[in-house]
Each structure stands twice: as C-alpha cells, then as structure tokens.
Novice: 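Take this structure, written in structure tokens, and hold onto it; I'll ask about it next.
In what follows, chains are A, B, ... by sequence order, proteins preceding strands, each numbered from 1. Hydrogens, waters and symmetry mates are skipped; everything else that's a heavy atom, side chains included, is used.
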Protein chains: 2
Amino acid sequence: MEIRKTFASNLRLMRQTKGLSQEELAHRAEIDRTYVSSLERGIYSPSIDVLEKLASALGVSPGELIRPHE
Amino acid sequence: MEIRKTFASNLRLMRQTKGLSQEELAHRAEIDRTYVSSLERGIYSPSIDVLEKLASALGVSPGELIRPHE
DNA sequence: TTGTGACTTGTAGTCCGTT
DNA sequence: CAACGGACTACAAGTCACA
C-alpha cells in the first residue's frame, strides 16, 4: 500500500475517532477545509509540514499518521 | 524543533551512517542529487512520497526519518 | 563530493462556490 | 457534513552549470 493511501485512511479514521468534522480539523490544523477532504480521498501527497499540523491537531505523532495500522 | 529540520538532520546522519554519498542515495531513491542536498539543508519540506522513497533507500521506516532522535 | 543560484514545470494548497 | 468543480497562488520537484 502506498504511503499516500495509508495516510489518507489513517487521517479519516483518527479524525472520526476523535469525533471531529473535516471542517473542525481543518480549522485546528489551520489548513483549508476542502484540502482535508482531498487528503482523505488520497488525491494529494502532503508535505511533512502539513503532516505535522494535522498530527498535532489530532494529538498524535506525525509517524502515527503514516504508519500502517492493520 | 520544526519537523523539517528534524528530517534534514536525520537524513544526513542516517545517510552518513550508511556510508552513502548524496549521489548514491539520490540514485537509489530515484531523485535528484541537488535536491537531496537541499533537503539536508532544510530548504524544502518534502512530500510524504519523497519521504518514503528516501526511507526505503535507507532501509528505515518513514516514521524513523521524521522522529526526533535525541 | 557537496553547495548554490537560476530557472522551469508540476503539484500542493487556498478560496470561491454547488451538489 | 462531505464530495467535488474551477481558478488561482505558493512552493515542492527536477534540471543544469559552476564553484
């Protein structure tokens, strides 16, 4: 599985687990709402700067977001 | 410490530990040598696609490359 | 062997909206 | 609330010559 897809599904799963909407997460991470949507669909490969913003908004480490969680 | 700098120093350290030149690493990861040089100097925030290419060329997980190694 | 500048191209990332 | 479109700007990605 390519890292972009792994990241995409981790992002969606962790966001939902925290009970956040895409918009709330986007606001916390200070990135665009539509971009979060695109990331969860695997359309883009984010930079590690964005990866870190999302990770901290979710309260996890950046590594957690790109690691295969079986 | 920002993730970009953490990545930059990890990249250089791990490359040197493996005894590879920037050129050899670039070749293995199928990216440009001067781009590797830029990454080690923290000029760019790589996408997770590039992160993965470099990680696999170094034989480590992507997470290892962005984790603070005190 | 690595750093750097100048440059071009492609994709990341934003902002407006509608379904 | 989320998917998706177009139009745009910002920056990563890649190339080359040269110190």
Novice: Could you tell me whether B:Ser45 contacts a base, only the sugar-phosphate backbone, or nothing, with contacts defined as non-hydrogen atoms closer than 4.0 Å?
Specialist: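 Touches sugar-phosphate only.
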Novice: Any chain of hydrophobic side-chain contacts (each under 4.5 Å) joining A:Ile43 to A:Val50?
Specialist: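 A:Ile43 and A:Val50: one cluster.
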Novice: Send over the distance from B:Glu23 CD to D:dT15 C1', rounded to a whole Å.
Specialist: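 In whole Å, D:dT15 C1' and B:Glu23 CD are 14 Å from each other.
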Novice: Examine the side chains of A:Ser47 and A:Asp49 and answer whether a donor and an acceptor come within less than 3.5 Å of each other.
Specialist: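 Note: A:Ser47 and A:Asp49 side chains miss the donor-acceptor criterion.
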Novice: Check the distance between D:dA3's P and A:Glu40's CD and give it to me in whole angstrom.
Specialist: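 Taking atom P of D:dA3 as the reference, CD of A:Glu40 is at 7 Å.
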Novice: Does the side chain of B:Asn10 come within less than 4.5 Å of B:Glu64's, by heavy atoms?
Specialist: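 No; the side chains remain at least 4.5 Å from each other.
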Novice: Take the protein atom CD of A:Glu30 and the nucleotide atom C1' of C:dT14, then report the distance between them rounded to whole Å.
Specialist: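 Those two atoms, CD and C1', are 14 Å apart.
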Novice: Partner lookup for C:dT1, please. Criteria are Watson-Crick or G-U wobble with both distances under 3.5 angstrom; report none if nothing qualifies.
Specialist: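 Across any shown strand, C:dT1 pairs with none.
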Novice: Return the 5'-most residue of the pair B:Arg15, B:Ser47 with respect to DNA chain C, ranking by each residue's nearest nucleotide.
Specialist: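 Result: B:Arg15.
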Novice: Measure from CD1 on A:Ile48 to P on C:dA12 and round the result to the nearest Å.
Specialist: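 From A:Ile48 CD1 to C:dA12 P: 15 Å.
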Novice: Can you tell me the distance, in whole Å, between the CZ atom of B:Arg12 and the C1' atom of C:dT2?
Specialist: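 Distance, rounded to whole Å: 8 Å.
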Novice: Rounded to the Å, how far apart are A:Asp49 CG and D:dA12 C1'?
Specialist: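 After rounding, the gap between these two atoms is 11 Å.
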Novice: Does the distance from a Lys or Arg side-chain N to an Asp or Glu carboxylate O, for A:Glu52 and B:Arg4, drop under 4.0 Å?
Specialist: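 No, no charged N to carboxylate O under 4.0 Å.
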Novice: Taking atom types as modelled, find out whether B:Arg33 and B:Ser37 have a side-chain donor-acceptor pair closer than 3.5 angstrom.
Specialist: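 No donor-acceptor contact under 3.5 Å links the two side chains.
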Novice: Can you tell me whether the side chain of B:Arg41 and the base of C:dG5 have a donor-acceptor pair closer than 3.5 Å?
Specialist: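 Donor-acceptor pair under 3.5 Å: no.
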Novice: Roughly how many Å is it from NZ in A:Lys53 to C1' in C:dA12, rounded to a whole number?
Specialist: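 Nearest whole value for this atom pair: 12 Å.
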Novice: So if I take every side-chain heavy atom of B:Asp32 and compare against D:dG14, D:dA12, C:dT4, which nucleotide ends up nearest?
Specialist: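 For the B:Asp32 side chain, the nearest candidate turns out to be D:dG14.
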Novice: Nearest to the side chain of A:Gln22, heavy atoms from C-beta on, is which of D:dA3, C:dT14, D:dC1?
Specialist: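 Given the options D:dA3, C:dT14, D:dC1, the side chain of A:Gln22 is closest to D:dA3.
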Novice: With no angle test and no hydrogens, is the base of C:dG3 tied to the side chain of B:Arg33 by a donor-acceptor pair under 3.5 Å?
Specialist: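 Indeed there is one.
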Novice: When the distance from NE2 of A:His27 to C1' of D:dC1 is rounded to whole Å, what number comes out?
Specialist: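 For the pair A:His27 NE2 and D:dC1 C1', the rounded distance is 17 Å.
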Novice: Measure from the side-chain heavy atoms of B:Arg4 and tell me the nearest of D:dA2, D:dA12, D:dT15.
Specialist: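 Looking only at side-chain atoms, B:Arg4 lies closest to D:dA12.
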Novice: C:dG3, OP1 or OP2 - any side-chain N/O from B:Ser37 closer than 4.0 Å?
Specialist: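 Result: yes.
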